[in-house]
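The structure appears right after this line, and notes come after that.
The structure displayed is predicted, hence computed values, not measured ones. All chains are named by letter (A, B, ...) in the order of the sequence lines, taking the proteins before the strands, and each is independently numbered beginning at 1.
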Amino acid sequence: MAKPTPLSGFPEFLPAQRYVETTVLDTLATVFELHGFANIETRAVEPMDQLLRKGDTSKEVYVLRRLQEEDGGKDKGLGLHFDLTVPFARYVLENAGKLEFPFRRYQIQKVWRGERPQDGRYREFAQADIDIVGAGELPVHHDLEIARVMLDALGRIAHPDVLGLPGFRLQVNNRKLIQGFYAGLGIDDLDETMRLIDKLDKLPADAVRTQLVESGLSEEQADRCLELATICTPDTSFVDKVRGLGVEHPLLDEGLAELADVVAGCAALVTDRVRIEADLKIARGLDYYTGTVFETRLDGHESLGSICSGGRYDSLASDGRTTYPGVGISLGVSRLLVPLLNRGELVADRSVPSVVLVALTDEAGRADSDTLATQLRSSGVPCEVAPSPQKFGKQIRYAERRGIPYVLFSTEDGPQIKDIRSGEQVAVDPATWTPPPADLKPRITVSTSTTNQMETEK
RNA sequence: GUGGGUAUAGCUCAGCUGGUAGAGCGCCGCCUUGUGGUGGCGGAUGUCGCGGGUUCGAGUCCCGUUACUCACCCCA
C-alpha cells in the first residue's frame, strides 16, 4: 500500500501534540464547570433543514448519505453539524420540558465545514462552546457572565504556571450600539453597513469607505461610521468618545450601556496575558447576533483571525409559543492549537505517559521487571517495561527517545533508579518511590521567540 | 466556488540551457562485549505525485490529472 498523504483540512496530532490538546481541553472543561456549566454532547448529525436554518451556509454542510442508497432524496437527509449552536438550539427545544432555565451548558466537540482549508481554517475542527439560554427572557448580565467565564478559561491556559500559551485579547462590541448609531445617522441598510465595516481588519479604511459610499451612504455618513469604528478602548472611556460624535438614538444608548457593563465587569479578570477591549469595529458577519458580540485575537498570531467568537442572539430557538434568547461564545480549539503545535511553538517533552522505563536484563527476568512495574503503578507512577533485553545503553536510549526521564534497573544491590537527564542513579523501593511532581506528567513548553520572528518576517 | 504557487530519501530541501539521483538532519552498525547523550568511522533508503506527449535520451520541456499550499469568499 502506498504511503497515504494527509487529507487537507483534517488535522491529526502525534501523541505528544495530542497530550497538549487534551491538557487544554481538560483545563477548559474544569473552568467551565467551576462556573457551573453542565456538559452535554449532541449527535454529530442533524436533519438538513435544521442545519440550513441559519441561511447561506448551505454549500459548506457535509451531507451524509449511505453508499448504497435505494432512492436518494426520499427523506429530508442528514448533514454533519456545522457548529455547536444549531445542534444546541435543537437540543433545547427537544428537551425544553426537562431543562431548567436559564440553562447553562458547555460542549466540546468536533464540527465540520466544507471549506477550502488554510492556515487556521479546517474542515474538521474542535470547538469549545459555552452558552446560557433563557426561556422567554435572559437578562443582559449573562452577557457579562459569558465574557467572564471565557476570560477565566483563556487566562488559565495562558498562565505561565498552567500552559503558558500566548496572550489573548477579547474584543467586545454591541450591535445595538452600532445599529443605533447608524440609524441615528439616517442610514437605511444597517446590515450591509455593518458587514462592510467588519472588513476593516482586512481592508484599508479608504477602501471600506469607497464600498460604503457605493452601498448608498453619503460621504458624511461613511466618514462617521469609520470614526465610530476607530474607537477602541480597554475601559469604558469609549462611551464619552461615542457621545462626542454627537449621534442620538435610543438603541445607541441601550448598546452603550450594555457594552459598558460588560467591559467594566471584566476589569477584575484582566492580566498581562488576558485583556479585554471595547472595539467598535467588531461587527461579525453572522446575522443572528442582536447585542453583545465577541471576537478574540491571539497575541503574535493575529493573522489567524478570531480564535474565540460569539455573542447575544435574541432568538436562539423558538417553538412558536416560547422564544429562547441566548448568549454564548465558542473557542476554536483547533484554530488555536494546530498552528502552534505544527510550528513547534508548543511542545510536550514526552511522547508517552511513562515516567519510568523498567529495564529488562534478559527474557527470563521479564516477570521480575513486570513485578517492579506493578509496584510503581500501585503508587500512581506510569511506567512500561523495556520491549527487549537489549544492552542497557540501548534501553536508556529507548527511554530518551520517548522523553521518559527515569530508568529502573535491577542490580545485585537491589532496584536502582536512574535519572537519565542528570545521570544520577540511586537505590529505591519501587513500592514507595514517586518522582518529583513536575516529572509525573509530560511537561509542556512554549517558545514564542521563533514564531515572533516568523510573524515579523512576513 | 474563483485565482496563484508547489510536488525529488523518514524530515527540510538542492539538482543550471535535457545526458543514468544529491546534501544536511534523522535512522542503523562499529569504535564502546550490559548504563545513553559528545566525537570518529562505516551503512541503508527513492515508481523524482500520477498519466500521456516531444526526444537517441526527461527529475528537467509540453499537455492533462490528482494532492498539497497561499489568497479571495466566509468563518472557529
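Of the two residues contacting RNA chain B, namely A:Glu424 and A:Ser330, the nearest-nucleotide position lying further toward the 5' end is that of A:Glu424. Nucleotides of RNA chain B nearest to A:Arg113 and A:Gly393 differ in position, and the one nearer the 5' end is that of A:Gly393.
Side-chain N/O atoms of A:Glu115 and base N/O atoms of B:A76 include a donor-acceptor pair closer than 3.5 Å. Looking at A:Gln118, its side chain has no donor and acceptor atom pair within 3.5 Å of the base of B:U69.
Atom CZ of A:Arg401 is separated from atom C1' of B:G10 by 13 Å (rounded to the nearest Å). A:Ile307 places its CD1 atom 21 Å from the P atom of B:C74, with the value rounded to the nearest Å. Distance A:Arg116 CZ to B:C72 C1': 11 Å, rounded to the nearest Å. A:Ile396 places its CD1 atom 9 Å from the P atom of B:G37, with the value rounded to the nearest Å. In this structure, A:Glu412 places its CD atom 15 Å from C1' of B:U35, rounding to the nearest Å. The interatomic distance linking A:Glu124 (CD) with B:A76 (P) rounds to 17 Å, in whole Å.
With both ends at atom C1', the span from B:G59 to B:C50 equals 14 Å, rounded to whole Å. A gap of 25 Å separates the P atoms of B:G29 and B:U12, to the nearest Å.
Residue contacts shown for A:Thr361 include a base, since a base heavy atom lies under 4.0 Å away. Among the heavy atoms of the strands lying under 4.0 Å from A:Leu360 is at least one base atom, whether or not backbone atoms are also near. Residue A:Gly305 is out of contact with every strand shown, counting any heavy-atom pair closer than 4.0 Å. In this structure, A:Arg421 reaches the bases: a heavy-atom distance under 4.0 Å links it to at least one base atom across the strands shown. Counting non-hydrogen atoms under 4.0 angstrom, A:Leu7 reaches the backbone sugars and phosphates but no base. Residue A:Lys418 is in base contact, counting any heavy-atom pair closer than 4.0 Å across all strands shown. Using a 4.0 Å heavy-atom criterion, one finds that A:Tyr398 contacts no nucleic acid atom at all.
A cation-pi contact, defined as under 6.0 Å to the ring centre and within 45° of the axis, is absent between A:Arg123 and A:Phe10. For the pair A:Arg105 and A:Phe88, the cation-pi test (distance below 6.0 Å, angle within 45°) is passed. Geometrically, A:Arg402 engages A:Tyr398 in a cation-pi contact defined by less than 6.0 Å to the ring centre and at most 45° from the axis. Annotation: cation-pi geometry satisfied between A:Arg104 and A:Phe37 (NZ/CZ under 6.0 angstrom from ring centroid, within 45° of ring axis).
Closest contact between the side chain of A:Ile420 and the listed nucleotides B:A76, B:G36, B:C27 involves B:G36. Nearest nucleotide to the A:Ser8 side chain, out of B:U69, B:C74, B:U35: B:U69. Distances were taken from every side-chain heavy atom of A:Lys391 (C-beta onward) to each of B:C74, B:U33, B:U35; the shortest belongs to B:U33. Checking B:C28, B:U35, B:A76 against every side-chain atom of A:Phe125, the shortest atom distance belongs to B:A76. In this structure, the nucleotide among B:C70, B:A76, B:C27 sitting nearest to the side chain of A:Ser309 is B:A76. The nucleotide whose nearest atom lies closest to any side-chain atom of A:Lys199 is, among B:U35, B:C74, B:A76, B:C74.
Within the 4.0 Å cut-off from OP1 or OP2 of B:C74, at least one side-chain nitrogen or oxygen of A:Arg195 is found. Side-chain N/O atoms of A:Arg397 include one lying less than 4.0 angstrom from OP1 or OP2 on B:G29.
Nucleotide B:C61 forms a Watson-Crick or G-U wobble pair with B:G53, both donor-acceptor distances falling under 3.5 Å.
Taking the six-membered ring where tryptophan is involved, the planes of A:Tyr313 and A:Tyr288 are perpendicular, since the angle between them exceeds 60° and thus also 30°.
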Which is it for A:His141 and A:Glu258 under the side-chain hydrogen bond (donor to acceptor under 3.5 Å, both in side chains) test, yes or no, and what are the steps along the way? CA-CA 9 Å; A:His141 65 77; A:Glu258 288 186 11; over 6 Å; no
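A donor and an acceptor atom, one from each side chain of A:Glu384 and A:Ser354, are located under 3.5 Å apart.
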